[in-house]
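Beneath this line is the structure, given in C-alpha cells, with notes to follow.
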Amino acid sequence: MKPKLLIVELWGLGDLVIATPFLRAAAEKFDVTLLAKPFARDLQPRLWPDVRVETFVAPWTAFKNKYHLWHWPFLEMIRLRNKLAAEHFDFGLSARWDPRDHLLLKLVGAKQRIGFPRVRSRIFLTHPVARPEPQAHRYESWRVIANALDLELPSREKISIPAAKSSETILIHSGAGQSVRVWPLEKYKNLAAHLRGKSFQVQIVCDPDQRGWWLQGGEKNVATPSTVAELISLVDHATAFIGNDSGPGHLAAFCGVPTFTIFGPQLPEWFAPLHPGSEWIEGKVCPYMPCSDYCRFPKPFCLWNIGEEEVFSRVEKFLAVQT
C-alpha cells in the first residue's frame, strides 16, 4: 500500500500545469489526491492519469471580493473537509506560500504537512521548508517540496516534454485570465495578417468575450473552446503557439508545442512556459512590476506599449526555428 498524499493547488490553469513533473513523480511513490479547480479533470487523463482529482473552487482565489464571506459556500466546504478527513492522509502539502492552504491541510487531518510558512502559518505545518530564491521560477517551488519528500525532479532544462504532432498550423490565442495580460486584439489581428502574408497557416483561438470582436473584424474561423479538453484538442493540431502570459500557453508547452509568450505585468523568470523551445518578449519597464494583475494605471502600459514590429520580428525568428 502506498502512503496517501494530498496535494493542494487551487489556483490557475498555468499553475496546475507547472506542477505536472511533481504530480507524475509523486504518483510513483504515493497514492495521490489532488485538490484543484474543476478543469483539473480535463488535464488528468493527459498529464497525470495516476492522480485522483477532487475539485473545489476556493472562494479566496477570486480576483475580486474574495473575502465577502456571506458569499462563501460554507456547507460545501464542510462537506469537502469531512470527505477529505475520511481519507486519513499520511501527507499533505502545498507548494504555495499561503496560510490558507496550510490551515486547510490541518483541518483535513493530514498527519504530516509540508509547506512554505508565512504569517505564522508554521503552526499548521509539521514540516515547514524554506522557499526558493525570490527570483526563482514557480517550478522551483515544486522542486523544493519534492526534496522534502525524497523525490527527485529534473531541472527546467531537463523536463521530459513530448514531441509536437506533425502540423503546419500556428495557433494564436488572444485570451488570458485577466484583462491586464491581454495584448491589444488589433495588434493580434495584424500579427495574424502578417504571418499569413508570409504563407503561414494561422488558427485564431480566443476567450468567449473576444469572439464577437474577431468575427466583426472578418475572422471567419475563430475557435472558442469552452473546456480545457477542447483547448487540448486545438493545441494538438498546432506546430507553434503564440499568446499572452496565460494558462493555455503553459498547457501547449506540456503538450509538446513550443510557445512564444507576450508578457506584460508578470515576470518571465517566474512564469515562462516549460518547453525548451519556448521564447518570449518581456513587458516594458514599470515601477510596479510585477503587480499581481492589480494594475495602477487605466491601461497596462507595460503590455500595450510593446510594438507590433517588435513582436513581428521576434515571432519570425521563433518560427524560423520551430517550423
Side-chain angles (χ1 to χ4, degrees), residues 2-37 40 48 51 56 58 60-61 66 84 89-160 245 247 250 253-254 263 265-274 288-294:
K2 294 179 179 179
K4 289 186 173 183
L5 170 64
L6 174 65
I7 299 171
V8 179
E9 178 48 88
L10 294 167
W11 292 79
L13 175 62
D15 299 296
L16 198 50
V17 172
I18 290 171
T20 291
F22 178 88
L23 290 166
R24 290 172 175 171
E28 294 180 4
K29 291 184 60 176
F30 296 90
D31 178 4
V32 176
T33 297
L34 169 67
L35 183 63
K37 288 183 174 175
W48 2 271
V51 171
F56 176 51
W60 57 86
T61 63
K66 62 181 66 183
L84 294 176
F89 289 105
D90 300 292
F91 297 86
L93 63 85
S94 166
R96 287 189 168 274
W97 191 42
D98 193 331
R100 296 163 298 193
D101 286 1
H102 306 155
L103 175 59
L104 188 156
L105 294 172
K106 175 68 173 179
L107 290 175
V108 303
K111 296 182 182 68
Q112 299 189 53
R113 301 177 296 278
I114 304 169
F116 304 118
R118 179 189 182 194
V119 193
R120 299 184 181 180
S121 68
R122 183 181 298 266
I123 63 174
F124 303 130
L125 301 170
T126 61
H127 293 74
V129 292
R131 296 176 67 202
E133 293 297 319
Q135 296 304 314
H137 192 279
R138 177 79 180 96
Y139 173 64
E140 295 305 317
S141 295
W142 289 106
R143 294 188 74 198
V144 171
I145 293 292
N147 187 62
L149 285 174
D150 294 323
L151 299 174
E152 289 190 16
L153 293 190
S155 64
R156 288 171 57 189
E157 298 77 15
K158 296 182 178 179
I159 294 174
S160 178
D245 169 28
H250 290 286
F254 262 93
F263 275 90
Q266 280 291 13
L267 304 179
E269 53 262 43
W270 287 359
F271 292 109
L274 295 175
Y288 301 107
M289 185 188 293
C291 64
S292 300
D293 298 332
Y294 292 96

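Numbering starts at 1 and runs along the sequence shown.
The shortest heavy-atom contact between Arg122 and Pro128 is NH1-CG, 3.3 Å. Nearest heavy atom pair, residue Lys66 against residue Tyr294, reads NZ-OH, 4.1 Å.
You'll find the side chain of Ile145 reaches within 4.5 Å of the side chain of Val129, heavy atoms only. Side-chain contact between Pro290 and Pro265 is absent, with no heavy-atom pair separated by less than 4.5 Å. Between Phe116 and Pro132 the shortest side-chain heavy-atom distance falls below 4.5 Å. Within the 4.5 Å cutoff, no side-chain heavy atoms of Ser121 are placed close to those of Arg100. In this structure, the side chains of Thr61 and Lys37 come closer than 4.5 Å at one or more pairs of heavy atoms. Counting heavy atoms from C-beta on, the side chains of Glu28 and Leu151 never come closer than 4.5 Å. You'll find the side chain of Glu140 reaches within 4.5 Å of the side chain of Arg156, heavy atoms only.
Between the side chain of Trp142 and the backbone N or O of Ala95, no donor-acceptor pair lies under 3.5 Å. The main-chain N or O of Lys4 is found under 3.5 Å from a side-chain atom of Asp90 such that the two form a donor-acceptor pair.
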Could you pull out every donor-acceptor pair under 3.5 Å between side chains of residues 103-114 and any protein atom, sequence neighbours left out?
| unit_1 | atom_1 | unit_2 | atom_2 | d |
| --- | --- | --- | --- | --- |
| Gln112 | OE1 | His127 | NE2 | 3.4 |
| Arg113 | NE | Phe124 | O | 2.5 |
| Arg113 | NH1 | Ala110 | O | 2.7 |

Donor-acceptor contacts, no H, no angles, side chain residues 8-27, under 3.5 Å, sequence neighbours left out:
| unit_1 | atom_1 | unit_2 | atom_2 | d |
| --- | --- | --- | --- | --- |
| Glu9 | OE1 | Arg138 | NH2 | 3.2 |
| Glu9 | OE2 | Trp11 | N | 3.2 |
| Glu9 | OE2 | Arg96 | NE | 3.2 |
| Asp15 | OD1 | Arg96 | NH2 | 3.0 |
| Asp15 | OD2 | Gly12 | N | 3.0 |
| Asp15 | OD2 | Arg96 | NH2 | 3.3 |
| Thr20 | OG1 | Val17 | O | 2.8 |
| Thr20 | OG1 | Trp48 | NE1 | 3.1 |
| Arg24 | NE | Leu47 | O | 2.8 |
| Arg24 | NH2 | Leu47 | O | 3.4 |

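Looking at residues two or more places apart in sequence or on another chain, you find a ring pair (Phe, Tyr, Trp, His ring centres under 6.0 Å) between Phe91 and Phe30.
Separating the CG atom in Asp98 from the CH2 atom in Trp60 is a distance of 8.0 Å, to the nearest 0.5 Å. A distance of 8.5 Å separates CZ in Phe263 from CD in Glu269, rounded to the nearest 0.5 Å. The line from OG1 of Thr33 to CG of Leu84 is 7.5 Å long, rounded to the nearest 0.5 Å.
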message: Go through it in stages, so that I can follow the logic: the residues are His137 and Trp270, the test is side-chain contact (heavy atoms from CB on, under 4.5 Å), and I'd like the CA-CA distance, side-chain angles, deciding distance and then a yes or no.
response: CA-CA 4 Å; His137 192 279; Trp270 287 359; 5.8 Å; no
- prompt: Passes side-chain contact (heavy atoms from CB on, under 4.5 Å), Lys29 versus Asp150? Steps please.
  reply: CA-CA 10 Å; Lys29 291 184 60 176; Asp150 294 323; 4.2 Å; yes
- prompt: Given Leu149 and Leu5, is the side-chain contact (heavy atoms from CB on, under 4.5 Å) satisfied, shown in steps?
  reply: CA-CA 10 Å; Leu149 285 174; Leu5 170 64; 4.2 Å; yes
